Amino acid sequence: MSDRTKALIAIIVVSILWGTAGVSAKLLLHVLNPFVAAFYRFLIASLCILPFFLRTKKPKGYLKSLIPLSLLSAANIVFFYVGMTTTTANAATLVYAGTPLVTALLAKILIKEEVSRKKLLGVLIGLLGIIFIVVLPILGKQGELVGDLRGNIFILLGLFSWAIYTVTSKQYLSHHTYSPILMTSLNFFTVCIATLGIGLMTQQQFFPPEALTLRFLLLLIYTGVFVTFVTYGLFQWAIQHISATTASLKNYLEPVLGIYLNTLLLKETITGGFIVGSILVITGVVITTGTKLVEQVKKLLQKLFVESRA
């Protein structure tokens, strides 16, 4: 099996694991404060990546360069967990599905990256869908179906934090040589320290009795290892062996799988308004990133079929 085929499989696995992020976050937040939940998740991920970090090359002055960047990643996690306390996992999944749209828009504004009229149209359609989902609580009932406006706004802030991180890290990588392991490690460490600090300052309970059960500890380990460490590692490896277009397959698979799992495991109901917003977001993402995707995935699947029969 070729590296390209393995990379496609890795992207699918990443999509499945990240698709469970909403479910795992909701379950963690039934017991833990948002900052404590984020701290434990990234503490476990930090311990997993520490051996790789210790062996990787560290350019002079890397902390001064990468810590401010990593704070954007930390802001994304904090906003996500705070938002998830009141909004639905489905709303969060769909808002984050718009990451390529917001990233394309910010790249045009911040680093003057060229965006075609077709991609700009996709961005506008997708952003309309995101805004629609965010304000759904105003248009209908607040509660378990669409979350609340406050939670949705925090999720949106998390999306913008991550998009700014993506655009800024692209600039950093064009001027500096930082390995993916180094950047990912600093992300994990920064989120871990930031959420620990916030949790201590706000006097949160780090060891509630409900968290000291085997079932809950297994959930924490799953979230830290598989939803965080494994996904980051697999995705970084995969994008070295396939095109960015094929890697964007994640943007289509993740929300579909995420919404299915949220509906199945959390019993979240999908409303008519949510469906309208979802169609707008997915349409925008397809227009913005999907020009060559179908053709490339078709070739990779054909190659996978041939290799499996060899």
Side-chain angles (χ1 to χ4, degrees), residues 8-30 37 41 80-81 83-101 125-126 129-130 132-134 136-137 140-141 143-148 151-152 155-156 158-159 162 215 218-228 230-232 234-235 238 246-290 293-294 297-298 300-301 304:
L8 177 61
I9 295 173
I11 289 295
I12 295 172
V13 172
V14 166
S15 300
I16 294 171
L17 292 176
W18 261 332
T20 66
V23 173
S24 62
K26 276 291 188 184
L27 295 177
L28 289 177
L29 292 172
H30 285 162
R41 172 185 173 183
F80 171 75
Y81 273 93
M84 285 293 288
T85 58
T86 55
T87 194
T88 62
N90 277 339
T93 298
L94 253 297
V95 171
Y96 269 95
T99 299
L101 309 172
I125 292 173
I130 292 173
F132 188 70
I133 290 170
V134 169
L136 266 177
K141 289 185 178 180
E144 61 176 308
L145 300 184
V146 293
D148 70 351
N152 289 347
I155 296 296
L156 186 62
L159 165 62
W162 183 250
R215 183 177 180 181
L218 289 174
L219 173 63
L220 269 178
I221 292 170
Y222 169 78
T223 306
V225 175
F226 293 99
V227 180
T228 311
V230 171
T231 50
Y232 277 81
L234 277 178
F235 187 71
T246 306
S248 68
L249 175 67
K250 180 184 79 70
N251 299 324
Y252 312 122
L253 291 177
E254 190 178 326
V256 173
L257 293 170
I259 290 172
Y260 173 75
L261 291 172
N262 298 337
T263 304
L264 178 67
L265 301 177
L266 299 177
K267 309 302 180 184
E268 292 188 355
T269 306
I270 298 176
T271 64
F274 186 86
I275 292 174
V276 172
S278 303
I279 292 172
L280 290 173
V281 172
I282 299 301
T283 300
V285 173
V286 170
I287 293 174
T288 305
T289 65
L293 181 65
V294 174
V297 172
K298 183 179 178 181
L300 282 171
L301 289 175
L304 177 62

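Quick caveat: nothing in here was measured; it's all calculated off a predicted structure. Count residues from 1 along the sequence.
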Open item on the list: If you compare all heavy atoms of Tyr81 against all heavy atoms of Leu29, which two are closest, and at what distance to 0.1 Å?
Closed with: O-CD1, 3.6 Å
- [ ] Would you check if Asn152 and Leu156 make a side-chain contact, meaning some heavy-atom pair closer than 4.5 Å?
- [x] no
- [ ] Supply the atom-to-atom distance Glu254 CD to Ile12 CD1, rounded to the nearest 0.5 angstrom.
- [x] 13.5 Å
Task: Arg41 and Thr228 side chains, donor-acceptor separation under 3.5 Å - done: yes
Open item on the list: Quick check: closest heavy atoms across Gly22 and Leu266, and the distance to 0.1 Å?
Closed with: O-CD1, 4.3 Å
TODO: Would you name the heavy atoms of Leu219 and Leu27 that are closest together and state the gap between them?
DONE: CD2-CB, 3.5 Å
Open item on the list: Using every non-hydrogen atom in the two residues, find where Gly98 and Leu159 come nearest and quote the distance to one decimal.
Closed with: C-CD1, 4.2 Å
Task: Short side-chain donor-acceptor distance under 3.5 Å, Thr88 and Asn262 - done: no
- [ ] Could you tell me the separation between the CD1 atom of Ile155 and the OG1 atom of Thr86, rounded to the nearest 0.5 Å?
- [x] 8.0 Å
Open item on the list: For Thr223, run the side chain to side chain contact (heavy atoms under 4.5 Å, CB included) check against Leu218, Leu28, Thr20 and tell me which one passes.
Closed with: Leu28
Task: Sub-6.0 Å ring centroid separation between Trp18 and Phe226 - done: no
- [ ] Kindly give the heavy-atom pair with the smallest separation between Pro255 and Thr93, and that separation in Å.
- [x] CA-CG2, 3.6 Å
Task: Side-chain heavy-atom pair Trp162, Phe80 within 4.5 angstrom cut-off - done: no
Open item on the list: For Lys26 versus Met84, what's the shortest heavy-atom pair and its separation?
Closed with: NZ-O, 2.8 Å
